[in-house]
Structures are given as C-alpha cells and as structure tokens.
2 protein chains.
Amino acid sequence: MKRLVPAPSATPAASLTDRLARGDLMAAACPSREVLRHVTSRWGVLVLIALEGRTRRFGDIRRAIGGVSERMLAQTLQWLEHDGMVDRRARDVVPPHVEYSLTPLGREAAEKVRALADWIEINLPRIAESRPRAGRGVAT
Amino acid sequence: MKRLVPAPSATPAASLTDRLARGDLMAAACPSREVLRHVTSRWGVLVLIALEGRTRRFGDIRRAIGGVSERMLAQTLQWLEHDGMVDRRARDVVPPHVEYSLTPLGREAAEKVRALADWIEINLPRIAESRPRAGRGVAT
DNA sequence: CTTCATACTAACAAAAATGTACGTACTTAC
DNA sequence: GTAAGTACGTACATTTTTGTTAGTATGAAG
C-alpha cells in the first residue's frame, strides 16, 4: 500500500478535464506536449523561422537550413501542417512544385520560437563562458 | 545557365567564423544548436518553467512535472547546469539535500520558453481545431 | 534491526528521432 | 538516349532520447 500518486486528495475528474481543455504542460497526458514537441523539434524551430514572412519551396527551405535531410524536412513540415502551423500548396505540375507558408497560427508560433532562437544566438558567448572549461580554471 | 546554388558569390571564409561566433542556427555546425536542444528538450522546457521564480529541490521538481523519470530529470538538470542556466546547490547532509534555481541566464531563457509554452497552452483549442478530423467534416 | 526517504548513478531495454540510399514520374537540357 | 532536377515515400541503419530497475550512503522512524 505505498502511494504512487503525489496527492490524490480532492481531485475531481471534472477539473482534470478542464485543465486538459485549456492545456496544462505539467500534466503528463496533456496533448499540448505533442504540439510542443513538434514546434521545438530539432528542425521544427528552424522551419518556422525559415518560413517567417515568406513562402518557400521545399528545396528552398532545405538549402536554407543547414544539415536537414529531405526525409526529416518532409516529416517536420507534415507535423507542422498537421498542427495547423504550415500551409502546403502543391501545383500539379510535372516536376513537383510545392509551396509552404505559415498560417496565422504558425506566424504566432514562429514569433515565440524566433524570440527564443534569437536570444540563444545573441547570448551564445555568455552561455559558452559559463560552461566549465576543460583543464582551464576561471579567469581572474 | 543553371544555377544550382542560390548565391555563391562573395562568401569569404572569415565571415563564417564571425557568424559562428555570434551564433547562427541555420549553420549546421553552430554550437547554439546544442543549447537549443537542451532548452527545448522534452523536459528542459518544463524544468525551466518549474524553476521560474523559485528554488526547488530535486524531488519537488519531479513531483511538479508529470511524467519525468528521475534519470531524465537529473540529466536535464545537468544539461541546463552545464549551459549556465541552472544553479545547483548541494548541502552535504546525510539524506541528500540539493536545491536548484535559475541563474540570470536561465531566467532570461525561461522567459522566452514560457512565452512559447503559454501560447501553446492557451491556443491548444485552436490548434486542435485545425487538425484534420478523422471521418468528421468541419463544423459550421 | 528493518524500513524509509533523498538525490542521484549505472546498466540495460525500448522507443523515438534522425540519417542514408534508392525509387518515382515526368520534363528540360544535352 | 542519358543525365539532371523536383518533392517526396519507403526501407533500413544508426544515433539519441527516454524509461525501468536496481543500488548507494546515512540518519530518522518504527
């Protein structure tokens, strides 16, 4: 009889539903966690940023983001499309021609994501500094 | 006159170094990508948020975040500590007592991360709506 | 003396993400 | 005819992440 759950006291099922409706990242079962995963995935962040303000073709995006494989880019774009962040528009022409752009939802997300990315880029020196140097003590 | 590359004109090697110094997420080799991974990792986001504004003990954080295993929490905290976002303070007492808190760097990062998390939580309904329903058409 | 709690680490396993290589369908370039 | 380019899908291999379980040291509680 060990209690595996933290605090089972007074937790009506109704409130749980409410919390999940609005989204509660601290709750293990919240669907928002999946969205977060997509948006903050390795390439998700970069795709959102690459698409900010402009429509781009697949190959275009690929060349813009260093290191993405076609497979991963396609996958990431599908995740984001599924989450309503990206709009995919394919022309039915012989050499495939597909254009990707952000939806209003995607634009909002991209804004937040870019804010974080920008912060990291700008503060990289500070972060690197605070990292423990191997074999070297702190500078006086 | 086929141009395979977008614009290879005038790209001196020196500028590459400059871009890496400041941090350029679009460059495959940029160290900022690692930081991004840590900060946007599954638990990294939640840890930063859980630590915002308060110092917490290991078990405390664990109970706050639904679904984390001890192993992953420890790992995530180490990543963030290594990146200078989290300050770990251990008292040398018998039952281990360790307190975690955000550094100034961590506070700034947490702010950005929370902005994104909040946005997702609040807009979950909109996101869910835009998802293609299986077998169900859009509501009028 | 046995059990429990804390904050982990180590070892092993499973799941998820990512990468590589190849194929496609058709057109343009050569 | 041969080669290249597009936007992927598929199969398979590898890497990374995450989870599970067990163990540690020590004092307090029983």
Side-chain angles (χ1 to χ4, degrees), chain A residues 1-7 28-29 33-47 50-51 55-83 86-101, chain B residues 1-6 28-29 33-47 50-51 55-82 86-101:
Chain A
M1 288 311 154
K2 40 282 195 83
R3 59 181 51 202
L4 303 176
V5 283
R33 285 204 178 170
E34 195 192 339
V35 178
L36 185 66
R37 292 296 294 286
H38 295 164
V39 169
T40 63
S41 71
R42 182 162 186 183
W43 308 115
V45 176
L46 304 181
V47 165
L51 246 34
T55 291
R56 286 186 157 187
R57 295 184 57 180
F58 185 88
D60 188 17
I61 301 173
R62 200 193 163 193
R63 280 182 289 272
I65 302 176
V68 227
S69 63
E70 296 188 357
R71 183 185 167 331
M72 268 302 106
L73 182 55
Q75 173 83 36
T76 302
L77 284 167
Q78 282 168 15
W79 283 339
L80 295 178
E81 189 193 353
H82 183 251
D83 287 345
V86 163
D87 180 51
R88 187 190 114 110
R89 201 150 293 182
R91 284 196 230 156
D92 195 18
V93 290
V94 191
H97 185 107
V98 184
E99 295 190 340
Y100 291 94
S101 57
Chain B
M1 59 191 84
K2 51 276 176 112
R3 57 180 54 200
L4 303 178
V5 281
R33 285 204 178 170
E34 195 192 338
V35 178
L36 185 66
R37 293 296 294 287
H38 295 163
V39 169
T40 64
S41 70
R42 183 163 185 183
W43 308 115
V45 175
L46 303 182
V47 165
L51 247 32
T55 291
R56 285 186 156 188
R57 295 184 57 180
F58 185 89
D60 188 18
I61 301 173
R62 197 190 166 200
R63 279 182 290 271
I65 302 176
V68 228
S69 63
E70 297 188 357
R71 183 186 168 327
M72 269 303 108
L73 181 55
Q75 174 83 29
T76 302
L77 283 167
Q78 282 168 15
W79 282 340
L80 296 178
E81 190 194 352
H82 182 251
V86 163
D87 180 51
R88 187 190 114 110
R89 199 149 296 181
R91 284 195 229 155
D92 194 20
V93 290
V94 191
H97 186 106
V98 184
E99 296 190 340
Y100 291 94
S101 57

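Note that these values count all heavy atoms, side chains included, but never hydrogens, waters or copies made by symmetry. All values reported here derive from a predicted model rather than from experimental measurement.
- The interatomic distance linking Arg62(A) (CZ) with dT20(C) (C1') rounds to 11 Å, in whole Å.
- Mapped onto DNA chain C by nearest heavy atom, Pro95(A) and Met72(A) fall at different nucleotides, with Met72(A) at the one closer to the 5' end.
- Rounding to whole angstrom units, CD of residue Gln75(B) and P of dT20(D) are separated by 16 Å.
- The interatomic distance linking His97(B) (NE2) with dA28(D) (P) rounds to 16 Å, in whole Å.
- Taking all atoms of both residues into account, the shortest heavy-atom contact from Val45(A) to Thr40(A) is CG2-CA, 3.7 Å.
- Taking only side-chain atoms of Ser69(A), from C-beta outward, the nucleotide of dC8(D), dG19(C), dT9(C) with the closest atom is dG19(C).
- Contact detail for Ser101(B) and Thr55(B): the closest heavy-atom pair is CB-OG1, 3.4 Å.
- Residue order along DNA chain C, read from the 5' end via each residue's closest nucleotide, puts Trp43(A) first among Pro96(A) and Trp43(A).
- For the pair Glu70(A) and His38(B), both in contact range of DNA chain D, the more 5′-proximal nearest nucleotide belongs to Glu70(A).
- Remark on DNA chain D: of its neighbouring residues Arg37(A) and Arg88(A), the 5'-side contact belongs to Arg88(A), judged by nearest-heavy-atom nucleotide.
- As rounded to whole Å, 19 Å separates atom C1' of dC8(D) from atom CZ of Arg89(A).
- In this structure, Phe58(A) and Glu70(A) approach most closely via the heavy-atom pair CZ-O, 3.6 Å.
- Side-chain proximity of Tyr100(B) to dT20(C), dC8(C), dT6(C): nearest is dC8(C).
- Here Gln78(B) reaches the OP1 or OP2 of dT9(C): one of its side-chain N or O atoms lies under 4.0 Å away.
- Taking atom CG of residue Leu73(A) and atom P of nucleotide dC8(D), one finds them 8 Å apart after rounding to whole Å.
- Within the 4.0 angstrom heavy-atom criterion, only backbone atoms of the sugar-phosphate kind lie near Arg57(A); the bases stay farther away.
- Heavy atoms of Gly44(A) sit nowhere under 4.0 angstrom from any nucleic acid atom.
- The Arg71(B) side chain lies nearest to dT20(D) when the options are dC8(D), dT20(D), dT18(C).
- Atom-to-atom, CD1 of Ile61(B) to P of dC8(C) comes out at 9 Å; the value is rounded to the nearest Å.
- Across all strands, Arg91(A) comes closer than 4.0 Å to no nucleic acid atom at all (heavy-atom distances).
- Here the P atom of nucleotide dT24(D) and the CG atom of Asp92(B) are 20 Å apart, to the nearest Å.
- With rounding to whole Å, Ile65(B) atom CD1 is found 12 Å from dT18(D) atom P.
- Here the side chain of Arg62(A) pairs a donor or acceptor atom with the backbone of Val68(A) at under 3.5 angstrom.
- In terms of heavy-atom proximity, Leu80(A) sits nearest to Gly44(A) at CD1-O, 4.1 Å.
- Residue contacts for Glu99(B): at a heavy-atom cut-off of 4.0 Å it reaches no nucleic acid atom on any strand shown.
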